[in-house]
Number of protein chains: 2
Amino acid sequence: MARKRFDDSSCSVARALNEVGDWWSLLIVLQAMYGTRRYVDFQQQLGIAKNILCDRLSRLVENEVLTKVDVGEHGSRFEYRLTDKGRDLFPVVIALRQWGDKWNPAPDRPPLDLRDRDSGRPIKQIQVQDADGKPLSLRDVFLPNLDSGPAD
Amino acid sequence: MARKRFDDSSCSVARALNEVGDWWSLLIVLQAMYGTRRYVDFQQQLGIAKNILCDRLSRLVENEVLTKVDVGEHGSRFEYRLTDKGRDLFPVVIALRQWGDKWNPAPDRPPLDLRDRDSGRPIKQIQVQDADGKPLSLRDVFLPNLDSGPAD
DNA sequence: TCAATTAGGTTTCATAATGCAACCCTATTG
DNA sequence: CAATAGGGTTGCATTATGAAACCTAATTGA
């Protein structure tokens, strides 16, 4: 049967996963953050099938994570660029990357290190923080409106 | 054909997505963070098919995101609990939640607000930061070892 | 005590998604 | 003017997904 969708789920995580929660979408966004913009480059760098890439790019454009820009005068060359919404996935991608580096480090090569362009220093481990910037763990946190249910 | 797996990808995001990158896994982890521990509760709260739930729980246990604990003396009652690795997905889930709340707000109800248990104040918007805690955008960041390629 | 229910799964089967290869069309290049 | 590159679409075989039915062991209710 059809894969279950979460378009109207009351849970925002579910709705988010509805847009970028499949195997390829987030990798495409990641690749876009690395600077990739063109169809063929996505295809080669990700090793994704062309029809799947087409479908995912369309969906990402539809969901306004990417925009399809016609570069090249005659309408035969396009670029897929991140929108603000897409760029806002930056913390998601970084959090995932850091989690992957920590718990599934590559056997051979060191983790990719991202650095601050200004200072040249590595970025901080991403964390959930309170209003003052103090790091919070899962246990330090609660939901005041739990009566309405955590949804989903 | 079989879905492409990324077990040995050089990209840690790809490896991470290999473990929690499908439609259900992250939602199961989220539910676990809300306190759900039992099979039937996952099933009802997520509305997931039982066979899929079985498969995902097994995979999450296999990947050490959850542990299966035998509570109940006779071996017929189990709990699935987050491991440290699973709890470490907290920033990922929160980042996704905040992204979803920002860009796909629920039409009816307000976004779920998480609060610091100590101060009672809402948590901060999650962000990528430099070593001093200064927020960084995608453009403020670079990869010193880009020569080896952004991986993947 | 004995039937019903709960918990945790497995099986079956129809439908949808995925991956690969082979095409197609339009520009550009040599 | 043929070859190639960019950006897709189509067909088909293989998987994954979802719903419902079924199964087994333990617990509950009357």
Side-chain angles (χ1 to χ4, degrees), chain A residues 1-9 14 17-28 31-32 35-63 66-81 152, chain B residues 1-9 14 17-28 31-32 35-63 66-81 152:
Chain A
M1 271 226 155
R3 174 205 285 152
K4 186 168 286 196
R5 301 323 263 270
F6 306 104
D7 311 79
D8 53 354
S9 167
L17 289 176
N18 208 34
E19 300 195 344
V20 294
D22 69 303
W23 293 95
W24 288 113
S25 298
L26 256 192
L27 287 179
I28 290 174
Q31 212 46 58
T36 302
R37 297 181 153 193
R38 297 236 312 288
Y39 182 90
V40 276
D41 295 330
F42 282 112
Q43 215 234 306
Q44 289 173 1
Q45 287 162 340
L46 292 173
I48 183 176
K50 295 173 80 176
N51 49 352
I52 307 295
L53 178 59
C54 266
D55 178 74
R56 291 308 183 278
L57 287 174
S58 312
R59 284 235 313 264
L60 288 170
V61 168
E62 207 173 288
N63 291 326
L66 299 177
T67 6
K68 184 172 184 174
V69 181
D70 187 333
V71 299
E73 323 62 41
H74 314 76
S76 160
R77 196 144 309 197
F78 304 99
E79 282 188 2
Y80 294 90
R81 297 187 193 157
D152 228 1
Chain B
M1 272 230 154
R3 174 206 285 150
K4 188 169 287 197
R5 302 323 265 268
F6 305 104
D7 311 78
D8 53 354
S9 167
L17 288 176
N18 207 33
E19 299 195 344
V20 294
D22 69 305
W23 294 94
W24 287 114
S25 297
L26 256 191
L27 287 178
I28 291 174
Q31 215 42 62
T36 302
R37 297 181 153 192
R38 297 237 312 286
Y39 182 88
V40 276
D41 295 330
F42 281 112
Q43 215 236 305
Q44 290 173 2
Q45 287 163 340
L46 292 172
I48 183 177
K50 295 174 79 177
N51 47 354
I52 307 296
L53 178 58
C54 265
D55 179 71
R56 291 308 184 278
L57 286 174
S58 312
R59 285 236 311 264
L60 288 170
V61 168
E62 206 173 289
N63 290 326
L66 298 176
T67 7
K68 185 172 184 174
V69 180
D70 187 334
V71 297
E73 323 62 42
H74 314 74
S76 161
R77 194 143 311 195
F78 305 98
E79 281 188 2
Y80 293 89
R81 296 186 193 158
D152 222 8

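Chain naming here is simple, since letters A, B, ... match the order of the sequence lines and numbering starts at 1 in each. Keep in mind that what you see is a predicted model, and the values were worked out from it rather than measured.
In this model, the phosphate group of C:dT18 is not approached by any side-chain N or O of A:W24 to a distance below 4.0 Å at OP1 or OP2.
Straight-line distance from the CG atom of A:L53 to the P atom of C:dG19: 11 Å, rounded to whole Å. One interatomic measurement links the two molecules: CG of B:L46 to P of D:dA19, which rounds to 13 Å at whole-angstrom precision. At whole-Å resolution of the value, NZ in A:K4 and C1' in D:dA16 are 15 Å apart. In this structure, the CG atom of B:L27 is 11 Å from the P atom of D:dG18, given to the nearest Å. Note: CZ (A:F6) to P (D:dT17) measures 11 Å, nearest angstrom. Atom CD1 of B:I48 and atom C1' of C:dG8 are 14 Å apart (whole Å). Here the P atom of nucleotide D:dT10 and the CD1 atom of A:I52 are 14 Å apart, to the nearest Å. Look at CZ on B:F42: it is 10 Å from P on C:dG8, rounded to the nearest Å.
When every heavy atom of B:I48 is checked against every heavy atom of B:F42, the shortest pair comes out as CG2-O, 4.2 Å. Between A:L57 and A:Y39 the shortest heavy-atom distance is CD1-CD1, 3.9 Å.
Listed by chain and residue number, A:V40, A:D41, A:R77, A:E79 satisfy the side-chain contact (heavy atoms from CB on, under 4.5 Å) test with A:R38 (two or more places apart in sequence, or in another chain). Residues satisfying the side chain to side chain donor-acceptor pair (under 3.5 Å) criterion with B:R56, sequence neighbours excluded, are B:D22. Judged as a side-chain contact (heavy atoms from CB on, under 4.5 Å), and not counting sequence neighbours, B:S58 has no contacts.
Note that CG of A:L17 and CH2 of B:W24 are 10.0 Å apart. Values are rounded to the nearest 0.5 Å.
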What N/O pairs connect the protein and nucleotides 7-9 of chain D at under 3.5 Å? Give each pair on its own line.
unit_1 : atom_1 : unit_2 : atom_2 : d
D:dG7  : OP1    : A:F78  : N      : 3.0
D:dG7  : OP1    : A:F78  : O      : 3.1
D:dG7  : OP2    : A:Y39  : N      : 3.4
D:dG7  : OP2    : A:V40  : N      : 3.4
D:dG8  : OP1    : A:K68  : NZ     : 2.3
D:dG8  : OP2    : A:Y80  : OH     : 2.5
D:dG8  : N7     : A:K50  : NZ     : 3.1
D:dG8  : O6     : A:K50  : NZ     : 2.6

